[in-house]
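Read through the structure below, which is laid out as structure tokens, and then see the notes.
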Amino acid sequence: MKVLVAVKRVVDYNVKVRAKADGSDVDLNNVKMSINPFCEIAVEEAVRLKEAGIATEVIAVSVGDKSCQEQIRTALALGADRGIQVDVQGKVEPLVIAKLLKAVVDKEQPQLVILGKQSIDGDNNQTGQMLGALAKMGQGTFASKVVVEGDKVNVTREIDGGLQTVSLKLPAIITTDLRLNEPRYASLPNIMKAKKKQLDVYTPEELGVAVTSHLTQVKVQPPAARKAGIKVKDVQELVDKLKNEAKVIS
Ligand code: AMP
């Protein structure tokens with residue numbers, strides 16, 4: 001069973017992002033970039049399926065400019081077998097990413113496609129669902145457990161107030177939630193080996209997809225700064241302030 005994993009290059013989750021002075025975008029100058037954390041979980045799940053003898057090949061795909069090859073190499077160091085970069089420049093919206101991934105799905109015919117539930121830069125939470133619709137595949141989103149059984153995959157989903165298990169016919173789409181697994185670290189020998197693994201590059205034209213845009217980013221601004229807190233000397237003063245200053249109790 002072939003597994004395709006979508007990995008996105010994003011600002012590292014430890015970075016405190018800043019907006020550009022003109023508010024046009026996030027400032028990415030000299031900022032550490034990494035694999036989107038949910039995509040790292042997706043790679044880990046695919047590699048575990050391979051280690052369990054269920055998957056035969058794991059392919060990592062990323063849509064972006066040449067710099068996203070760094071994240072594909074990380075996925076290869078984590079255990080993916082080969083990589084695909086779809087070469088696009090600049091910001092590309094989720095619908096176009098989904099169309100490009102659909103073209104890669106058509107080419108590779110994977111039985112399982114695993115994506116992150118969300119990219120931590122755009123917070124879109126759209127690509128997996130759109131890909132499911134375009135590829136006409138069943139989807140198990142926000143997965144916290146994945147069990148492949150014959151020609152089906154059972155996905156336990158994290159939903160408000162509990163868990164839901166769905167059974168999907170393969171081929172299927174899965175998007176990962178935080179508790180699905182704990183990704184491993186890449187070892188130095190595996191990082192070295194990853195440099196030699198196959199990485200193919202396709203253009204959108206080769207995949208027959210037009211890179212169009214329906215969205216314009218109008219403004220990027222940081223959240224309002226929080227006012228400094230104060231210390232109260234006792235409960236009486238706290239109650240008094242909540243009643244008379246904040247007016248949140250009566
Ligand atoms: P989003 O819909 O942007 O929140 O992203 C959800 C998931 O779609 C990510 O975790 C990735 O698995 C996948 N994805 C989004 N953008 C890209 C991209 N440029 N390249 C590869 N995968 C992507």
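All ligand and atom numbering here is 1-based and tracks the order in the structure.
Lys152 contributes atom NZ, which lies 8.0 Å from atom NZ of Lys169 (distance to the nearest 0.5 angstrom).
A donor atom on one side chain and an acceptor atom on the other are found under 3.5 Å apart for Asn181 and Glu45. Remark: the Ser144 side chain and the Thr156 side chain contain no N/O donor-acceptor pair separated by less than 3.5 Å. Side chains of Gln236 and Asp234: a donor-acceptor N/O pair is absent below 3.5 angstrom, by distance only. No donor-acceptor contact under 3.5 angstrom links the side chains of Gln118 and Asn124, judged on distance only.
By the 3.5 Å distance cut-off applied to N or O atoms, Ser119 is counted among the residues near ligand 1. By the 3.5 Å distance cut-off applied to N or O atoms, Asn125 is counted among the residues near ligand 1.
Nearest protein neighbour of atom 19 (N) of ligand 1, counting heavy atoms only, is Val63 O, 2.8 Å. Remark: minimum distance from atom 13 (C) of ligand 1 to any protein heavy atom is reached at Leu115 CD2, 3.8 Å. Of the protein's non-hydrogen atoms, the one nearest atom 21 (C) of ligand 1 is Val7 O, 3.1 Å. Counting only heavy atoms of the protein, atom 22 (N) of ligand 1 lies nearest to Ala6 CB, 3.5 Å. Taking atom 8 (O) of ligand 1 as the reference point, the nearest protein heavy-atom neighbour is Thr127 CB, 3.3 Å. Ranking protein heavy atoms by distance to atom 7 (C) of ligand 1, first place goes to Gly116 O, 3.2 Å. Taking atom 9 (C) of ligand 1 as the reference point, the nearest protein heavy-atom neighbour is Cys39 SG, 3.7 Å. The protein heavy atom nearest to atom 16 (N) of ligand 1 is Lys8 CD, 3.3 Å.
Residue Val209 is tested with Val104, Leu101, Leu100 for a side chain to side chain contact (heavy atoms under 4.5 Å, CB included); the sole match is Leu100.
For the pair Asp65 and Asp87, the tightest heavy-atom approach, listed with the atom from each and the gap, is CA-OD1, 3.8 Å.
Those atoms of ligand 1 with a heavy atom of Val61 less than 4.0 angstrom away are 21 (C). In the vicinity of Ser62, heavy-atom distances shorter than 4.0 Å reach the ligand 1 atoms 20 (N), 21 (C).
Taking the ring centre of Phe38 as origin, the terminal cationic atom of Lys8 falls outside the region bounded by 6.0 Å and 45° from the ring axis.
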